[in-house]
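Down below is the structure, laid out as structure tokens.
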Amino acid sequence: MKNKNILKRITIILSIVLILLDICLYIKMQSTWSEIGSNHHPYENAGSIIGGLFRWGVLIWAILLIPVVWLEYLLTNLFKKIHNKFEGIKRIFLCLITLVIIAIMLILFIRIILLIIMALIQ
């Protein structure tokens, strides 16, 4: 039970961090959109538009990360329940499927976090 509370606290903290990253990314986007009309050179305007669209897409992905964090939390709890409830080959098969899904979601999460960090650094 103690591990479940720790996992829930980590999930809540991670959700708050993601919301703060979303706010920072949104603030950074505002400065990008304001630069579009100020330049008279078409290549600079095109670059600003592409940069703004990139950050807009990253913001959408960042907002979608919050449900991914909670889905990862629910999958981890499901893995614990499967591991405690079943025996034998059924346990191995269901745990393996759950672990593969958890790994795919974790890789997706890490890639999107790296994309957000890259967008904030630019």
Side-chain angles (χ1 to χ4, degrees):
M1 196 63 161
K2 185 178 178 183
N3 290 337
K4 190 174 183 180
N5 289 335
I6 291 172
L7 189 61
K8 189 178 240 180
R9 286 183 185 168
I10 290 171
T11 306
I12 291 170
I13 290 170
L14 196 55
S15 295
I16 292 170
V17 168
L18 286 174
I19 290 171
L20 292 175
L21 280 175
D22 289 345
I23 292 169
C24 291
L25 191 60
Y26 182 75
I27 291 169
K28 184 128 179 163
M29 277 179 49
Q30 294 301 326
S31 64
T32 302
W33 290 116
S34 65
E35 295 172 359
I36 290 175
S38 64
N39 298 327
H40 295 292
H41 200 274
Y43 291 127
E44 290 180 18
N45 282 335
S48 296
I49 290 172
I50 291 172
L53 291 175
F54 171 73
R55 287 194 181 123
W56 182 258
V58 171
L59 180 66
I60 298 298
W61 277 106
I63 291 170
L64 291 175
L65 264 188
I66 296 169
V68 169
V69 168
W70 286 97
L71 184 65
E72 192 78 32
Y73 169 74
L74 293 173
L75 284 171
T76 306
N77 284 338
L78 178 68
F79 176 77
K80 288 179 185 178
K81 287 180 183 177
I82 288 172
H83 190 270
N84 291 333
K85 188 174 182 180
F86 295 106
E87 294 293 327
I89 193 79
K90 195 173 192 179
R91 173 199 260 175
I92 294 171
F93 181 71
L94 291 174
C95 285
L96 185 64
I97 289 174
T98 309
L99 280 176
V100 167
I101 294 171
I102 289 172
I104 290 170
M105 297 295 287
L106 190 60
I107 290 169
L108 175 72
F109 178 79
I110 291 171
R111 284 186 167 199
I112 295 173
I113 286 291
L114 290 174
L115 187 66
I116 291 170
I117 292 171
M118 196 171 81
L120 285 173
I121 291 174
Q122 289 181 347

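Side-chain atoms are counted along with the backbone in the values below, which use heavy atoms only and exclude waters and symmetry mates.
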Would you tabulate the side-chain donor-acceptor contacts of residues 86-112 under 3.5 Å, counting partners in other chains and residues two or more places apart, or write 'none'?
from  : atom 1 : to    : atom 2 : distance (Å)
Arg91 : NE     : His83 : O      : 2.9
Arg91 : NE     : Phe86 : O      : 3.2
Arg91 : NH2    : His83 : O      : 2.6
Thr98 : OG1    : Leu94 : O      : 2.7

Answer whether the closest heavy-atom distance between the side chains of Leu21 and Ile117 falls below 4.5 Å. no

So, taking the atom named CG in Leu64 and the one named CG in Leu71, what distance separates them when rounded to the nearest 0.5 Å? 12.0 Å

CA sep, side-chain torsions, deciding dist, call: Lys80, Leu7, side-chain contact (heavy atoms from CB on, under 4.5 Å): CA-CA 12 Å; Lys80 288 179 185 178; Leu7 189 61; 4.2 Å; yes

Interatomic spacing from CZ in Phe79 to CG in Asn84 - rounded to 0.5 Å: 9.5 Å

The single option from Ile12, Ile10, Thr11, Ile6 that satisfies side-chain contact (heavy atoms from CB on, under 4.5 Å) with Lys8 is Ile12

Check against side-chain contact (heavy atoms from CB on, under 4.5 Å), Asp22 and Leu65: CA-CA 10 Å; Asp22 289 345; Leu65 264 188; over 6 Å; no

Please, which pairs that meet side-chain hydrogen bond (donor to acceptor under 3.5 Å, both in side chains) have at least one residue in residues 59-70, sequence neighbours excluded? Ser15-Trp70

Between CD1 of Ile63 and CD1 of Ile19, what distance do you get to the nearest 0.5 Å? 10.0 Å

